[in-house]
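This report concerns only the one structure given below.
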Amino acid sequence: MPYARPSSPVPLPPHMPNPSCVTRFAPSPSGHLHVGGARTALFCWAFARGKGGTFLLRIEDTDQKRSSDSASVGFLKDLAWLGIGWDEGPVLGAHGGGAHGPYFQSERLDIYNRYLAQLVEAGKAYYAFDTTAELDAKRQAAKLAGHAYRYDRSEMANLPKATVDAWLAEGRPAVIRCKTPDGPITIVDEVLGEATLPAGEVDDFVIRKADGFPTYHFAVVVDDELMRVTHVLRAQEHFNNTAKHMVLQDALGFRRPIYGHLPLITNPDASKMSKRDKDKVLRKTVIDRKLTAPPAGTITQARFEAWIADKNTQLELAEASALAVGLEVTLPEINVDDFRQSGYLPEVLCNFLALNGWSPGENVEKFDNEFLKQRFDLKRVVKTPAKFDRVKLLSFNCDAITGMPREEFVARARLHGQEFHADFMKKITGAQFEQLAGASHERSKTLDEMFRTNRFFIVADELLTWDRSKNVEKALLGPEPNGLSHLKAVLPVLEACTEWSAAAIEQAITPYAAQHAEGNLGKVAQPLRIAVSGGTVSPPIFDTLAILGKASALVRIRRCIATFGG
RNA sequence: GGCCCCAUCGUCUAGCCUGGUCUAGGACACCUCCCUUUCACGGAGGUAACAGGGGUUCAAAUCCCCUUGGGGUCACCA
């Protein structure tokens with residue numbers, strides 16, 4: 001067991017007694033939590049909690065250019081929404097805290113510097129004064145020569161101490177590099193097995209940047225040790241980094257955690273999932289439609305032009321969303337929050353995410369986090385990358401929604417509406433909403449769907465317009481007796497209704513259909529649906545009429561008759 | 001390109017470690033039929049995979065080798 005090595009000989013912050021298992025999720029707050037990160041967090045959480053261990057969260061904000069406070073708060077909220085609670089880390093509600101902080105790397109500079117000094121002192125790391133331009137040139141040359149670039153330490157590693165001190169004193173920019181020992185390095189991984197990198201593959205990598213911040217590699221190794229992390233579960237893109245981390249652990253005399261590298265989650269076309277995907281969709285739409293100006297009320301003309309002119313310019317999330325609304329296109333969900341907005345259930349997202357890269361076997365597919373916690377193990381993690389299948393996710397979501405009690409759906413849909421469709425909620429009474437949600441329950445694949453497909457409910461009666469689609473024309477203006485005639489005939493029937501409930505309306509309409517439409521309810525229902533909704537799709541017609549209210553329904557029917565040539 | 005890893009239906013995967021029970025199982029998607037006042041749901045069927053080639057063995061999806069294909073990585077980003 002690699003972890004059985006003696007504890008750190010470097011007595012820095014006092015350690016708590018080690019729990020059996022400590023995992024960590026360590027995102028860099030350079031955006032929003034995306035599904036890949038969420039899956040990693042979920043597995044880390046399940047692994048630790050399943051073993052009675054500790055799951056900790058650490059924010060890797062050592063890149064000053066890319067970090068922001070709001071981004072890290074977003075991460076925390078996303079995690080909490082998914083039901084992935086952390087025992088140690090930044091505090092949010094009941095989550096976080098702990099004795100091994102601070103959990104923001106930007107607040108741990110002193111700690112890193114002490115270890116850095118120790119390595120330099122011991123001759124295991126050295127200052128290097130190469131400029132970025134010099135290094136770039138060498139890399140370029142290596143590329144042209146057709147071989148991989150490796151840092152050549154001969155110059156900087158052998159600088160006399162006096163020179164180094166003098167250069168530092170005069171303020172020359174310098175990084176610190178780790179003096180990587182020669183020889184092959186064997187990575188032991190619980191998912192992938194063993195892999196040996198030949199000698200020379202790992203060069204003298206930078207461990208402290210010129211701005212004084214440690215690099216990712218250094219901070220990770222120090223923090224994992226001090227936070228007594230036992231198991232590192234992370235995405236496979238980090239696999240090769242492991243060698244660097246091992247070099248550092250050896251140099252510092254640290255324990256070695258157990259590693260498990262998780263397969264990547266990609267787009268269906270195997271490309272990396274990234275926020276750029278949103279940009280791509282928008283760009284394609286704009287180009288396909290040959291637009292030269294943004295839709296009104298989205299982004300400014302100047303911003304639009306700058307964005308279109310340069311493929312490397314990316315819209316901010318808010319800009320992209322606004323433009324998507326204006327263009328009436330749907331952006332692909334990438335971040336956890338996107339899925340929340342789209343009306344996915346957190347428990348379903350977790351379930352589905354867990355299925356990308358892991359499975360409990362025995363043909364079990366549907367499970368909750370509790371099950372995952374009990375059953376998750378590294379042995380069943382697959383090695384191959386998974387293509388993220390939104391269609392299957394949607395199917396799972398649909399199953400979960402239609403499978404929940406009606407009251408639960410109504411309640412969750414209400415919360416969703418209050419957050420994302422405030423305009424809709426304002427224009428509808430509580431009772432109406434309850435009825436509408438109840439009627440939408442069994443046909444909803446997401447919490448969001450009913451708000452998008454039922455907008456006709458909140459349109460003013462006199463502003464309702466009708467589709468002129470083939471189906472509408474057919475239903476209304478077909479051979480006699482056509483829909484329009486039925487509408488005219490059924491109008492007085494509805495006017496005569498004294499009670500206006502779904503059941504009462506049905507009782508009034510059914511006899512009519514029996515008499516005048518050969519019992520074919522559809523012949524009457526569909527024209528009514530079109531009349532009151534403007535289109536061919538709505539909740540069941542009697543519910544729809546009842547929710548709308550008698551006055552609205554009658555106004556709409558009369559207007560429809562007039563519009564289609566009564 | 002160097003290095004590392006991987007390879008089962010269109011997709012997510014079970015099976016592989018400990019060869020025979022695999023005429024390869026499940027799920028999503030797709031197709032057909034049924035149900036149906038729209039949409040959706042639901043029900044019953046169906047199509048569909050061991051990348052290719054060599055070994056080893058009485059026997060290979062399972063073990064070995066090669067080829068091909070895919071992914072990752074080669075930053076003062078994480």
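Worth saying up front: this structure is predicted, and the values here are computed from it rather than measured. Below, each value reflects all heavy atoms present in this structure, side chains not excepted, and no hydrogens, waters or symmetry copies. The chains referred to below are lettered A, B, ... by the order of the sequence lines, with proteins before strands, and numbering in each begins at 1.
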Salt bridge (Lys or Arg N to Asp or Glu O under 4.0 Å) filter on A:Lys272, not counting sequence neighbours, yields A:Glu237
Pair assignment for B:G1, Watson-Crick or G-U wobble, requiring both distances under 3.5 Å:
B:C74
So, does A:Arg153 use its side chain to make a donor-acceptor pair with the main chain of A:Thr180 at under 3.5 Å?
yes
Report, one pair per line, the protein and nucleotides 34-37 of chain B atoms (nitrogen or oxygen only) whose separation is under 3.5 Å.
from  : atom 1 : to       : atom 2 : distance (Å)
B:U37 : O4'    : A:Gly522 : N      : 3.4
B:U37 : O2     : A:Arg529 : NH2    : 2.6

Separation of A:Leu353 atom CG from B:C12 atom P, in whole Å?
14 Å
Taking the same atom, P, in B:C16 and in B:U21, what whole-Å distance lies between them?
12 Å
C1' gap between B:C5 and B:G20, integer Å
31 Å
Quick one: which residue pairs count as a side chain to side chain donor-acceptor pair (under 3.5 Å) with a foot in residues 182-195 of chain A, not counting sequence neighbours?
A:Thr186-A:Thr196, A:Asp189-A:His261
In the structure shown, which nucleotide is the Watson-Crick or G-U wobble counterpart of B:G42, with both distances under 3.5 Å?
B:C34
Using 0.5 Å steps for rounding, measure from the OH atom of A:Tyr344 to the CG atom of A:Asp448.
10.0 Å
Rounded to the nearest angstrom, tell me the gap between atom CD1 in A:Ile530 and atom C1' in B:C39.
13 Å
Between A:Trp500 and A:Leu545 (side chain of the first, backbone of the second, donor and acceptor by atom type, cut-off under 3.5 Å), is there such a pair?
yes
Which whole-number value in Å describes the distance from A:Lys470 NZ to B:U38 P?
17 Å
Quick one: label A:Asp203 by what it contacts on the DNA or RNA (base, sugar-phosphate, nothing), any heavy atom closer than 4.0 Å.
nothing
For A:Tyr127, does the six-membered ring have the charged nitrogen or CZ of A:Arg172 within the cation-pi criterion, i.e. under 6.0 angstrom from the centroid and within 45° of the normal?
no
Checking only heavy atoms, does the side chain of A:Arg443 share a donor-acceptor pair with the base of B:C39 at less than 3.5 Å?
yes
Pairs where residues 518-530 of chain A contributes a residue and the test side chain to side chain donor-acceptor pair (under 3.5 Å) is met, not counting sequence neighbours
A:Gln526-A:Arg529, A:Arg529-A:Ser538
What does A:Lys244 touch in the nucleic acid at a heavy-atom separation under 4.0 angstrom: a base, only the sugar-phosphate, or nothing?
nothing
When the distance from CG of A:Asn351 to P of B:C12 is rounded to whole Å, what number comes out?
17 Å
Length of the CD1-P vector between A:Ile401 and B:G42, whole Å
13 Å
B:C74, OP1 or OP2 - any side-chain N/O from A:Arg139 closer than 4.0 Å?
no
Quick one: A:Phe367 CZ to B:C12 C1', roughly how many Å, whole number?
11 Å
Can A:Glu60 and A:Arg58 be counted as an ion pair, charged N to O under 4.0 angstrom?
yes
Looking for any heavy atom pair under 4.0 Å, which part of the strands does A:Phe205 touch: base, sugar-phosphate only, or nothing?
nothing
Kindly point out which of B:A78, B:C12, B:C39 is positioned nearest to the side chain of A:Lys392?
B:C12
Using a heavy-atom cut-off of under 4.0 Å over every strand shown, decide if A:Glu365 touches base, sugar-phosphate, or nothing.
base
Need the pair for B:A59. Rule: Watson-Crick or G-U wobble, both distances under 3.5 Å, any strand; none if unpaired.
none
Please state the C1' separation for the pair B:U13 and B:G55 - nearest whole angstrom.
30 Å
Answer with base, sugar-phosphate or nothing: what part of the nucleic acid does A:Val391 contact at a heavy-atom distance below 4.0 Å?
sugar-phosphate
What side chain to side chain donor-acceptor pair (under 3.5 Å) pairs are there with at least one residue in residues 502-516 of chain A, not counting sequence neighbours?
A:His486-A:Tyr512
For every nucleotide of nucleotides 1-10 of chain B, 5' to 3': is a protein heavy atom under 4.0 Å from its base (B), only from its sugar-phosphate (S), or from neither (-)?
BBSSSSS---
Using a cut-off of strictly less than 4.0 Å, decide whether A:Thr215 has a side-chain nitrogen or oxygen near OP1 or OP2 of B:C77.
no
Using a 3.5 Å cut-off and no angle test, enumerate the donor-acceptor pairs between side-chain atoms of residues 470-479 of chain A and protein atoms at least two apart in sequence or in another chain.
none

Validation row, ring centre A:Tyr216 to ring centre A:His245 under 6.0 Å:
yes
Nearest-angstrom distance from the residue atom NZ of A:Lys143 to P of B:A75
11 Å
Classify the nucleic acid contact of A:Asp136 as base, sugar-phosphate or nothing, counting any heavy atom under 4.0 Å across all strands shown.
nothing
With a 3.5 Å cut-off and sequence neighbours excluded, list the donor-acceptor pairs that the side chains of residues 350-359 of chain A form with protein atoms.
from     : atom 1 : to       : atom 2 : distance (Å)
A:Asn351 : OD1    : A:Phe367 : N      : 3.2
A:Asn351 : ND2    : A:Glu365 : O      : 3.0
A:Asn356 : ND2    : A:Phe352 : O      : 3.0
A:Trp358 : NE1    : A:Asp377 : O      : 3.4
A:Ser359 : OG     : A:Gly361 : N      : 3.3

How long is the line joining CG of A:Asp399 and C1' of B:A29, in whole Å?
14 Å
A:Arg208 near the nucleic acid: base, sugar-phosphate alone, or nothing, with a heavy-atom cut-off under 4.0 Å?
nothing
Would you please name every residue forming a ring pair (Phe, Tyr, Trp, His ring centres under 6.0 Å) with A:Phe213, sequence neighbours left out?
none
How would you label the contact of A:Leu264 with the nucleic acid (heavy atoms, under 4.0 Å): base, sugar-phosphate, or nothing?
sugar-phosphate
Any donor-acceptor pair under 3.5 Å linking the side chain of A:Ser440 with the backbone of A:Met450?
no
Could you check which residues of residues 354-364 of chain A get a heavy atom under 4.0 Å from RNA chain B? Sort them by number, please.
A:Leu355, A:Asn356, A:Gly357, A:Ser359, A:Asn363
A:Glu362: partners by salt bridge (Lys or Arg N to Asp or Glu O under 4.0 Å), with sequence neighbours left out
A:Arg375
Which part of the nucleic acid, if any, lies within reach of A:Arg380 when heavy atoms closer than 4.0 Å are counted: base, sugar-phosphate only, or nothing?
sugar-phosphate
Once you apply the 3.5 Å cut-off to both distances, tell me the Watson-Crick or G-U wobble partner of B:G69, or none.
B:C6
Determine, step by step, whether A:Phe43 and A:Phe376 satisfy the ring-ring contact (aromatic ring centres under 6.0 Å, His included) criterion, reporting the C-alpha distance in whole Å, the side-chain angles of both residues, the deciding distance to 0.1 Å, and the verdict.
CA-CA 8 Å; A:Phe43 285 179; A:Phe376 180 78; 4.6 Å; yes
Contact class for A:Arg177 (heavy atom, under 4.0 Å): base, sugar-phosphate, or nothing?
sugar-phosphate
Could you check whether A:Thr402 gets within reach of a base, just the sugar-phosphate, or nothing at all, counting any heavy atom under 4.0 Å?
nothing
Starting the side chain at C-beta, find the nucleotide from B:A29, B:A40, B:C76 nearest to A:Lys445.
B:A40
Quick one: do A:Glu408 and A:Arg412 make a salt bridge, cutoff under 4.0 Å?
yes
Touch check for A:His238, heavy atoms < 4.0 angstrom, all strands: base, sugar-phosphate only, or nothing?
base
Check: protein-nucleotides 66-69 of chain B nitrogen or oxygen pairs below 3.5 Å:
none

Roughly how far apart, to the nearest Å, are B:A61 and B:C50 at atom P?
11 Å
Is A:Val524 touching bases, backbone alone, or none of the nucleic acid, heavy atoms closer than 4.0 Å?
nothing
